[in-house]
There are 2 protein chains.
Amino acid sequence: MKGRILEVARRIFGQYGFHGTTTRMIAQEVGIDISTLYYHWGEKGDLYEAVVLDIYEDLREQLFEVEKRIHGLPLDKRMEIAVEMMTDYLFERPEISNLTLFRYFAKTRHASPLDFRVPEIMGNIAHSMGLVSDKKQLPPDAKMKMLAVMNAIHNFVSGQNFFLTMLDMDEKEYVKGVKETLKFLIIPAFVHNGATTKRA
Amino acid sequence: MKGRILEVARRIFGQYGFHGTTTRMIAQEVGIDISTLYYHWGEKGDLYEAVVLDIYEDLREQLFEVEKRIHGLPLDKRMEIAVEMMTDYLFERPEISNLTLFRYFAKTRHASPLDFRVPEIMGNIAHSMGLVSDKKQLPPDAKMKMLAVMNAIHNFVSGQNFFLTMLDMDEKEYVKGVKETLKFLIIPAFVHNGATTKRA
DNA sequence: ATAGTTTTCCATCATTTGATGGAAACACCT
DNA sequence: AGGTGTTTCCATCAAATGATGGAAAACTAT
């Protein structure tokens, strides 16, 4: 039951954000009484925190998978596959992207001391892109580049419904277009620019 | 008074989102009674809508300025200046980026039929970047590229506080790093790649 | 079957939130 | 000064929201 609640909470928090989500919405979606929700998860903020940690763990694992897959390939191939894999993965779990973006800038009306192993994820991202050999020592500029890449993916995933109508595309076209656009932007920067400086 | 309320609402909605913002928060920040707020602006949703239209109008005007400034320059210079100008502009008005990103994916618990001249903004963006000569006819792939560029800026602006602590930078360093990162990513793509195909 | 533990629900509470009616205060014009 | 229109506030409401106590139901072990 605890897991079922977490799964539903994940989706709804991902769509509506913290304040837009009511505990009754979650309880109703699961099909339980609201006090059952409180019994299992305590306060709303506790549940939200658990959800955020959950998606971050998912992200971490997926990045590990990406790393395994691209290991040993040429740089441009690595970037291509990384973008493909991350994009596919996140399109199936849009709440990850939504919650990640919410975390960046959406304030809540109460203090929420959420602490993350975000640097760890940054190291994984850079490593899976093959930009650094040491996951543990990331210069700030490398971190920013990784952020820009990851956020570009998150944006297209999160904004799918909005952009679909805006661009007058169907879902297949959109996903295809997203991948092409990301590669268009990312590969030249790292392959023509980054490869010569980062490998020094 | 109406304008003062709009200005404050803009900031608070930008920080807390629609549901995270209460009408009392806005009234208090302005220094008025809550019924004064309702007297001038009606329902909360109406105020939110006005705020969103307001920031979009600001964006449109700034893009017009960018266009005027970069007209006639070489492509790489155009992109560089466009990125600089947009970045500076948005860093002074983070609510624009926040509200834009909220608009992409944050659902609200009630229907909100907001309609925008977003395609018009898209045309301006592409034109200010010098990627198309006709603002009115944008192929979808060009739109997606524009989106990726604009969203990359929005993300760094919106996520400033979050990323500052994450990257252990001060504000000056951060802004400088953002610009460098954006140029690193964007210029190679459009100058080496885009110039030969888009100008055909 | 019984006893003990865990889970679920009903009924409810305190507080918060969006919103309003009517009166007072203010501004403007003659 | 008086009249009219506008703005602001006080007091309040209905509904929504986060949350809970206690009892019933369900589960588990012997």
Side-chain angles (χ1 to χ4, degrees), chain A residues 1-55 95 98-99 102-103 105-114, chain B residues 1-55 95 98-99 102-103 105-114:
Chain A
M1 175 55 70
K2 210 165 142 95
R4 277 177 57 204
I5 294 171
L6 188 70
E7 192 179 323
V8 168
R10 218 173 114 139
R11 284 209 317 282
I12 304 188
F13 276 130
Q15 288 182 60
Y16 293 90
F18 180 78
H19 285 298
T21 298
T22 67
T23 51
R24 283 174 177 87
M25 280 162 76
I26 299 172
Q28 186 177 36
E29 184 75 32
V30 179
I32 56 175
D33 187 81
I34 194 170
S35 56
T36 309
L37 185 71
Y38 280 94
Y39 174 80
H40 285 283
W41 280 105
E43 295 186 3
K44 182 181 174 184
D46 296 334
L47 179 55
Y48 184 76
E49 186 171 333
V51 162
V52 172
L53 290 174
D54 197 41
I55 62 156
E95 74 275 4
N98 292 1
L99 283 165
F102 274 133
R103 279 294 295 150
F105 65 88
K107 287 174 86 172
T108 57
R109 300 204 293 262
H110 55 275
S112 62
L114 275 173
Chain B
M1 173 57 71
K2 210 166 145 98
R4 277 178 57 205
I5 294 171
L6 189 70
E7 192 179 323
V8 166
R10 220 175 112 136
R11 284 210 316 284
I12 304 186
F13 275 131
Q15 288 181 60
Y16 292 91
F18 180 77
H19 285 297
T21 299
T22 68
T23 49
R24 281 175 177 82
M25 281 162 78
I26 299 172
Q28 187 178 35
E29 185 73 31
V30 179
I32 56 175
D33 188 80
I34 193 170
S35 55
T36 308
L37 185 72
Y38 281 94
Y39 174 80
H40 285 285
W41 280 107
E43 296 187 3
K44 183 182 174 184
D46 297 334
L47 179 56
Y48 185 74
E49 188 169 334
V51 161
V52 172
L53 290 174
D54 196 43
I55 63 154
E95 76 273 5
N98 292 2
L99 284 163
F102 274 133
R103 280 293 296 149
F105 66 86
K107 286 174 87 172
T108 57
R109 300 203 293 263
H110 57 273
S112 62
L114 275 173

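All chains are named by letter (A, B, ...) in the order of the sequence lines, taking the proteins before the strands, and each is independently numbered beginning at 1.
Remark: side-chain polar atoms of R10(B) are not paired, donor with acceptor, to backbone N or O of E95(B) under 3.5 angstrom.
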Inset, instruction - Going 5' to 3' through nucleotides 8-21 of chain D, assign each nucleotide B (protein heavy atom under 4.0 Å from a base atom), S (under 4.0 Å only from sugar-phosphate atoms) or - (no protein heavy atom that close). - result: BBB------BBBBB

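With the 3.5 Å cutoff on both pairing distances, Watson-Crick and G-U pairs in DNA chain D assemble into runs of at least 3 at C:1-30 with D:1-30.
Here the CD atom belonging to Q15(B) is positioned 11.5 Å from the CZ atom belonging to F105(A), to the nearest 0.5 angstrom. The distance from the OG1 atom of T23(A) to the CG atom of L37(A) is 6.0 Å, given to the nearest 0.5 Å. Distance check, rounded to the nearest 0.5 Å: CD1 of I55(A) to CG of N98(A) gives 9.0 Å.
Residues passing the side chain to side chain contact (heavy atoms under 4.5 Å, CB included) test with A9(B), sequence neighbours excluded: F13(B), I26(B), L47(B), V51(B). Remark: D33(B) engages S35(B) in a side chain to side chain donor-acceptor pair (under 3.5 Å) (not counting sequence neighbours). For Y16(B), the side chain to side chain contact (heavy atoms under 4.5 Å, CB included) partners at least two apart in sequence or on another chain are K107(A), R109(A), I12(B), T21(B), M25(B). Under the side chain to side chain donor-acceptor pair (under 3.5 Å) criterion, K44(B) pairs with no residue, sequence neighbours left out.
Put simply, CH2 on W41(B) is 17 Å from P on dG18(C), counting in whole angstrom units. Rounded to whole angstrom, the span from the NZ atom of K2(A) across to the C1' atom of dT7(C) amounts to 13 Å.
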